[in-house]
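In what follows, a single structure is set out as structure tokens and then discussed.
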Amino acid sequence: NKETVVLYDQTDFERDLLEAATPNESLGKSEKGDFLIKKGDIIINSMKQQATIASSQSVGKTLTMNFLKVDLLAFRKKQLEVLEQNNKFTLEILERATKMI
């Protein structure tokens with residue numbers, strides 16, 4: 001009982017890029033790992049340096065090394081950490097500048 005693997009390719013990416021984006025209500029890892037595509041996944045094409053949202057036609061396809069799937073929740077968390085760090089740095093600079101006046 002051999003499983004057939006269908007790969008996500010440039011044609012799939014271009015179709016997803018042109019299709020109207022719909023929000024993904026079920027972010028998370030599939031049972032088979034992070035390489036299977038679900039509708040609404042954010043896919044980055046590393047060769048073209050473009051991003052798109054996967055359509056229903058791409059569901060179940062396996063990503064190759066030319067494509068990356070973004071974990072939006074982890075990305076947002078890191079983005080907030082960077083913003084917080086930048087705010088602390090800005091406040092330190094303002095405090096130093098105030099003391100100099």
Side-chain angles (χ1 to χ4, degrees):
N1 190 337
K2 213 172 191 183
E3 264 187 63
T4 303
V5 175
V6 181
L7 300 178
Y8 186 83
D9 62 14
Q10 185 62 36
T11 305
D12 296 313
F13 181 83
E14 287 176 6
R15 183 193 57 251
D16 289 345
L17 188 60
L18 295 174
E19 187 172 295
T22 56
N24 183 7
E25 296 177 21
S26 60
L27 289 174
K29 295 181 181 180
S30 69
E31 292 174 4
K32 293 186 179 183
D34 257 356
F35 296 104
L36 292 180
I37 296 173
K38 295 182 295 301
K39 182 177 179 178
D41 281 344
I42 298 169
I43 306 297
I44 296 175
N45 180 326
S46 58
M47 301 291 285
K48 288 198 165 195
Q49 298 181 357
Q50 292 179 316
T52 189
I53 297 175
S55 68
S56 58
Q57 293 176 329
S58 299
V59 171
K61 292 189 177 181
T62 302
L63 289 173
T64 61
M65 59 189 264
N66 293 331
F67 301 96
L68 303 168
K69 185 164 57 166
V70 176
D71 180 344
L72 192 56
L73 297 175
F75 177 78
R76 291 285 185 189
K77 182 179 177 185
K78 187 65 175 173
Q79 191 177 31
L80 290 173
E81 289 171 3
V82 169
L83 285 172
E84 183 180 1
Q85 187 177 10
N86 286 342
N87 286 339
K88 287 179 183 178
F89 181 70
T90 303
L91 287 174
E92 288 175 14
I93 291 174
L94 288 173
E95 286 176 15
R96 284 188 224 145
T98 305
K99 290 178 183 178
M100 298 175 92
I101 297 177

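Position 1 is the first residue of the sequence, and the numbers go up from there. Only this structure's heavy atoms are used, side chains among them; waters, hydrogens and symmetry mates stay out.
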How far does NZ of K88 sit from CG of L91, to the nearest 0.5 angstrom?
10.0 Å
What side-chain donor-acceptor pairs closer than 3.5 Å can you find for residues 72-83, not counting sequence neighbours?
{"unit_1": "R76", "atom_1": "NH1", "unit_2": "Q79", "atom_2": "OE1", "d": "3.3"}

Going only through I, L, V, M, F, W and Y residues with side-chain contacts under 4.5 Å, is there a path from V70 to L68?
yes
Using 0.5 Å steps for rounding, measure from the CD1 atom of I37 to the CG atom of L63.
4.0 Å
Can you give me every donor-acceptor pair (side chain of residues 46-59, partner residue at least two apart or in another chain, under 3.5 Å) with its distance?
{"unit_1": "S46", "atom_1": "OG", "unit_2": "N66", "atom_2": "O", "d": "2.8"}
{"unit_1": "K48", "atom_1": "NZ", "unit_2": "E14", "atom_2": "OE2", "d": "3.3"}
{"unit_1": "T52", "atom_1": "OG1", "unit_2": "D16", "atom_2": "O", "d": "2.8"}
{"unit_1": "T52", "atom_1": "OG1", "unit_2": "L17", "atom_2": "N", "d": "3.0"}
{"unit_1": "S55", "atom_1": "OG", "unit_2": "D16", "atom_2": "OD1", "d": "2.4"}
{"unit_1": "S55", "atom_1": "OG", "unit_2": "Q57", "atom_2": "N", "d": "3.4"}
{"unit_1": "Q57", "atom_1": "OE1", "unit_2": "R15", "atom_2": "NE", "d": "2.3"}
{"unit_1": "S58", "atom_1": "OG", "unit_2": "R15", "atom_2": "NH2", "d": "2.9"}
{"unit_1": "S58", "atom_1": "OG", "unit_2": "D16", "atom_2": "OD1", "d": "3.3"}
{"unit_1": "S58", "atom_1": "OG", "unit_2": "D16", "atom_2": "OD2", "d": "2.8"}

L36 versus D41, closest heavy-atom pair with distance:
O-OD2, 3.9 Å
Scan V5, D12, L7 and name whichever one has a side chain to side chain contact (heavy atoms under 4.5 Å, CB included) with K61.
D12
Parallel, tilted or perpendicular: rings of F13 and F67 (30°, 60°)
tilted
Quick one: pull up CD1 in I42 and CD1 in I44 and give me the separation to the nearest 0.5 Å.
8.0 Å
